[in-house]
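Notes for the one structure printed next.
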Amino acid sequence: MFSFSAFLLLFFSILLSFNDLKTHRISNRSLIIFFVLLLLNTLTSQKLVSSFASGFLFLAFFTLIHLVGRALPINLSIGFGDVKLLAVVAFGYIDTGIRSLETFFLSLWCAVLLQICLHYLHKRTFPSSMPMAPSIFLAVGLYLYAPIGLLLPQ
């Protein structure tokens, strides 16, 4: 059966990915609506504390990556819209355990690498900047729905 949580993920992955691909921006309004709907869903599942911990952990970690990237003389930063999206997605879907974080980061790395490869095959150049929302949602899909044995090293 298709749950409300899965519907939210599918709907916002399509909406935010297409907007990010088209404009290289992630709308704060869309992120707030996504977060509020996830919050309502989390309140019914009674895992509010772990969800906030996961969201805050991702927000802090990726904000640090964003700030370090911005401090470098060349632009190697991830956008702050991507940071906010990662925090909202972590709040709704990612656990805070070490194995869960490891699985998600491996999924995110694979998704970003796939997006870079597809861009190279299409344009014959490496992207100087790229919208990460499609990769973030693909990573969440891999994290949630792929067999865990395929993602973790044995």
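Sequence positions, counted from 1, serve as the residue numbers for this chain.
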Would you be so kind as to tabulate the donor-acceptor pairs closer than 3.5 Å made by side chains of residues 25-35, with sequence neighbours excluded?
from: Ser27; atom 1: OG; to: Arg29; atom 2: N; distance (Å): 3.2
from: Ser27; atom 1: OG; to: Ser30; atom 2: N; distance (Å): 3.2
from: Asn28; atom 1: OD1; to: Lys84; atom 2: NZ; distance (Å): 2.5

Could you give the side-chain donor-acceptor pairs of residues 108-123 under 3.5 Å, partners two or more places apart or in another chain?
from: Gln115; atom 1: OE1; to: Ser135; atom 2: OG; distance (Å): 2.2
from: Gln115; atom 1: NE2; to: Pro131; atom 2: O; distance (Å): 2.8
from: His119; atom 1: ND1; to: Thr125; atom 2: O; distance (Å): 3.1

Side-chain donor/acceptor pairs under 3.5 Å, residues 8-17, sequence neighbours excluded:
from: Ser13; atom 1: OG; to: Leu9; atom 2: O; distance (Å): 3.0
from: Ser13; atom 1: OG; to: Leu10; atom 2: O; distance (Å): 2.8
from: Ser17; atom 1: OG; to: Ser13; atom 2: O; distance (Å): 2.6

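Across all their heavy atoms, Ile136 and Asp82 have their closest contact at CD1-O, 4.0 Å.
The side-chain hydrogen bond (donor to acceptor under 3.5 Å, both in side chains) contacts involving residues 48-61 comprise nothing, where partners must be two or more places apart or lie in separate chains.
Cluster partners of Val68, using a side-chain heavy-atom cutoff of under 4.5 Å among ILVMFWY residues and allowing indirect links, are Leu64. Applying the 4.5 Å side-chain rule to ILVMFWY residues, one finds that Leu21 remains a lone member of its cluster.
Atom CG of Leu39 is separated from atom CG of Leu43 by 4.5 Å, given to the nearest 0.5 angstrom. Here the CD1-OG1 distance, from Ile78 to Thr63, works out to 8.5 Å after rounding to the nearest 0.5 Å. For the atom pair CZ of Phe58 and CG of Leu85, the computed distance is 11.5 Å after rounding to the nearest 0.5 Å. Of the inter-residue distances, the one linking Leu38 atom CG with Tyr93 atom OH reads 4.5 Å to the nearest 0.5 angstrom. Note that CG of Asn41 is 12.0 Å distant from CZ of Phe7, once rounded to the nearest 0.5 Å. The CG atom of Leu86 sits 4.5 Å away from atom CZ of Phe62, with the distance rounded to the nearest 0.5 Å.
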What do the steps show when you test Phe104 against Val140 for side chain to side chain contact (heavy atoms under 4.5 Å, CB included), and what is the final call?
CA-CA 7 Å; Phe104 179 76; Val140 172; 3.7 Å; yes

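A search for ring-ring contact (aromatic ring centres under 6.0 Å, His included) contacts involving Phe61 returns Phe105, not counting sequence neighbours. Taking His24 as the reference, nothing meets the ring-ring contact (aromatic ring centres under 6.0 Å, His included) condition, with sequence neighbours excluded.
Residues Phe4 and Ile94 fall within the same hydrophobic cluster, defined by Ile, Leu, Val, Met, Phe, Trp and Tyr side chains chained together at heavy-atom separations under 4.5 Å. With hydrophobic clusters built from ILVMFWY side chains whose heavy atoms lie under 4.5 angstrom apart, Leu67 does not share a cluster with Leu57. Both Val89 and Tyr145 are part of a single hydrophobic cluster, where members link through side-chain heavy atoms under 4.5 Å apart.
At distances below 3.5 Å, not a single donor-acceptor pair connects side-chain atoms of Asp20 with backbone N or O atoms of Pro134.
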